[in-house]
There are 2 protein chains.
Amino acid sequence: MGDVICTVDVVLLTLRTAALHVLLHRREREPFQNVLALPGGYVHPHTDRDTRDAALRVLQDKLGIQSPYLEQLATFSGPARDPRGWSVSVAYYALVPENLIGNGKDCSGTTALCPVDDLRGLPFDHAQIVETAVHRVRNKSSYSSLPMHLCQAPFTLPQLQTVYEAVLGEPLNKVSFRRKMDELAVLEAIPGAFSSGNAHRPAQLYQLKPAWRHALSVTERGI
Amino acid sequence: MGDVICTVDVVLLTLRTAALHVLLHRREREPFQNVLALPGGYVHPHTDRDTRDAALRVLQDKLGIQSPYLEQLATFSGPARDPRGWSVSVAYYALVPENLIGNGKDCSGTTALCPVDDLRGLPFDHAQIVETAVHRVRNKSSYSSLPMHLCQAPFTLPQLQTVYEAVLGEPLNKVSFRRKMDELAVLEAIPGAFSSGNAHRPAQLYQLKPAWRHALSVTERGI
DNA sequence: TAAATAGTGTCTTTAAGACAATATGCC
DNA sequence: GGCATATTGTCTTAAAGACACTATTTA
């Protein structure tokens with residue numbers, strides 16, 4: 001009964017040039033040594049408090065990324081998804097602003113940021129896991145504050161609207177968008193802080209209220 | 001690495017007297033022998049194609065229930081949730097109409113149907129799993145055809161509305177409800193079939209279109 | 001025909017979207 | 001001042017809810 005391989009995989013998503021990208025990591029060992037794949041690894045029952053802990057450890061050890069927005073996605077299982085044998089992978093997805101990537105390790109070709117709509121050659125069932133994650137993120141973004149975790153604070157409302165539009169893939173009504181952001185009630189204006197340097201009116205800068213740094217607010221009827 | 005216990009648990013929900021109930025099963029073995037708990041068991045890598053398959057097997061073997069609406073809920077893990085050791089449980093939830101329960105085995109005290117808002121003494125972290133399932137079902141019911149799987153076909157629209165109201169815990173506008181059922185587009189009227197036996201106008205009988213027996217339809221703005 | 005519930009028409013209220021006017025920085 | 005974008009006001013449109021009217025059965 002104990003011959004089930006138990007792993008975690010992390011789909012780390014970010015926004016680059018208005019398109020969702022996933023961070024892939026070059027595998028150090030067999031199977032699929034040197035192939036780009038989702039960062040993941042065995043659950044370490046002696047040190048991990050749970051699978052979420054294992055996912056955070058993977059992010060820290062393999063990518064040097066700490067404390068992103070992290071949520072359980074789904075669990076994938078079966079005899080064929082991993083050549084080592086019958087396996088269970090608890091998948092998580094993380095959202096980070098682009099600037100957070102590369103601050104840690106790498107810079108050496110061990111990671112790559114790939115557009116989620118143009119992925120090829122992923123090992124295991126990682127293509128399906130990424131697809132599930134992207135679907136979840138796009139869906140959840142349509143009624144919640146989720147995309148705010150892709151935005152580097154401080155940010156302006158027009159910048160945030162651009163992020164929402166990139167994730168959702170459709171233009172949004174400016175007035176409605178602002179009404180919705182107000183309804184979500186997770187942003188706080190930074191007093192006296194405005195965007196600058198542009199040849200036009202500066203915009204108010206905002207940040208997530210601290211209580212919402214790792215939580216979501218949802219609207220009744222969608223963004 | 002292989003010393004992680006891998007199990008599935010199933011939260012089987014039904015509606016009895018307008019209240020959500022969960023089907024519990026008396027454990028045949030240690031730990032918690034003879035205690036009522038969620039039906040569950042080890043993943044069998046030699047026979048299960050995946051964890052969903054394991055959940056269906058558990059439903060069949062322990063409860064004699066086949067082919068309900070079944071969906072993955074979440075995965076629960078950690079060193080303390082199971083006294084046997086560090087464990088991962090992939091939880092599923094199933095929805096069935098009440099009449100389907102008891103057609104199989106039991107009738108002998110090995111199972112019990114308990115109201116989800118009045119559960120005590122559940123072993124493991126099963127209380128948390130049930131709570132998560134109920135939360136998921138209530139939330140998903142607010143914008144989808146999910147509650148239809150709690151309804152024995154054929155059913156009338158007023159009956160279905162009662163089911164939605166029971167799950168959501170609030171009264172619904174009759175006209176809006178019918179507009180939404182029309183928008184979901186998953187029901188088909190059974191030609192010439194009407195409810196009868198009551199001292200009032202009979203109601204048209206409906207059933208799920210076959211394509212939607214194991215799928216969900218969702219609305220843009222909620223029920 | 002009275003009672004009870006099913007089913008529908010329509011008015012009111014509320015939310016969403018379109019449009020435009022004003023605000024404010026930098027050149 | 002002129003330009004570009006931010007922000008806000010307000011009108012239009014669409015969805016949701018309230019209410020009431022008609023329909024159809026049994027007692």
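Each chain gets a letter, A, B and so on, in the order the sequences are listed, and its residues count up from 1.
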Q. Looking at the rings of A:Tyr164 and A:Phe177, which for Trp means the six-membered one, are their centres under 6.0 Å apart?
A.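 Yes: the rings meet the under 6.0 Å criterion.
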
To the nearest Å, how far apart are [X] [atom1] and [N] [atom2]?
X	N	atom1	atom2	value
A:Asn198	D:dA6	CG	P	8 Å
B:Phe194	D:dA23	CZ	P	15 Å
A:Lys174	D:dT8	NZ	P	10 Å
B:Arg178	D:dA23	CZ	P	16 Å
B:Gln161	D:dG17	CD	P	11 Å
B:Phe177	D:dA18	CZ	C1'	18 Å
B:Leu172	D:dG17	CG	P	8 Å

Q. Start at the 5' end of DNA chain C and walk down; is the nucleotide closest to B:Arg179 or to B:Gln204 reached first?
A.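 Upstream on the strand: B:Gln204.
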
Q: Would you kindly compare A:Pro202 and A:Lys180 by the position of their nearest DNA chain C nucleotide and give the one closer to the 5′ end?
A: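 The 5'-side residue here is A:Lys180.
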
Q) Any idea how B:Tyr69 and B:His149 line up, ring-wise: parallel (<30°), tilted (30 to 60°), or perpendicular (>60°)? A)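 B:Tyr69 and B:His149: parallel rings.
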
Q.
Taking any heavy-atom pair under 4.0 Å as a contact, classify B:Arg221: base, sugar-phosphate, or nothing.
A.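 Result for B:Arg221 = sugar-phosphate.
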
Q. Just the endpoints, please: which first and last nucleotides of DNA chain C, 5' to 3', lie under 4.0 Å from a heavy atom of chain B?
A.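 So the outermost contacting nucleotides come out as C:dA3 to C:dA16.
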
Q) Sequence neighbours excluded, which residues qualify as side chain to side chain contact (heavy atoms under 4.5 Å, CB included) partners of B:Arg178? A)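 Scan of B:Arg178 (side chain to side chain contact (heavy atoms under 4.5 Å, CB included), adjacent residues dropped) gives B:Leu157, B:Pro158, B:Lys174.
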
Q.
Please tell me whether A:Glu98 and A:Gln152 have a donor and an acceptor in their side chains that are separated by less than 3.5 angstrom.
A.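 Looking only at side-chain atoms, A:Gln152 and A:Glu98 do not form any donor-acceptor pair under 3.5 Å.
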
Q) Of A:Val96, A:Leu113, A:Val137, which is the lone residue that meets side-chain contact (heavy atoms from CB on, under 4.5 Å) with A:Leu13? A)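 Among A:Val96, A:Leu113, A:Val137, the one meeting side-chain contact (heavy atoms from CB on, under 4.5 Å) with A:Leu13 is A:Val137.
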
Q: Nearest-nucleotide wise, let me know which of A:Ser195 and B:Ile223 is further upstream toward the 5' end of DNA chain D.
A: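 Residue closer to the 5' terminus by nearest nucleotide: A:Ser195.
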
**Q.** Enclosure of B:Glu183 CD (heavy-atom neighbours >12, cutoff 6.0 Å)
**A.**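 Result for CD/B:Glu183: enclosed.
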
Using a cutoff of under 3.5 Å, can you pull out all pairs of nitrogen or oxygen atoms linking the protein to nucleotides 1-4 of chain D, with atom names and distances?
none

Q: For side-chain hydrogen bond (donor to acceptor under 3.5 Å, both in side chains), just list the numbers for A:Thr51 and A:Tyr92, CA-CA rounded to whole Å, side-chain angles, deciding distance to a tenth of an Å, and then say yes or no.
A: CA-CA 9 Å; A:Thr51 54; A:Tyr92 286 78; 2.7 Å; yes

(Q) Which residue in the set B:Lys62, B:Arg81, B:Arg27 passes salt bridge (Lys or Arg N to Asp or Glu O under 4.0 Å) when paired with B:Asp9? (A)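 It is B:Arg81; the other options fail the test.
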
(Q) Can a donor-acceptor pair be found, under 3.5 Å and without considering hydrogens, that links the side chain of A:Gln159 to the backbone of A:Thr156? (A)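 Yes, A:Gln159 side chain to A:Thr156 backbone: donor-acceptor pair under 3.5 Å.
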
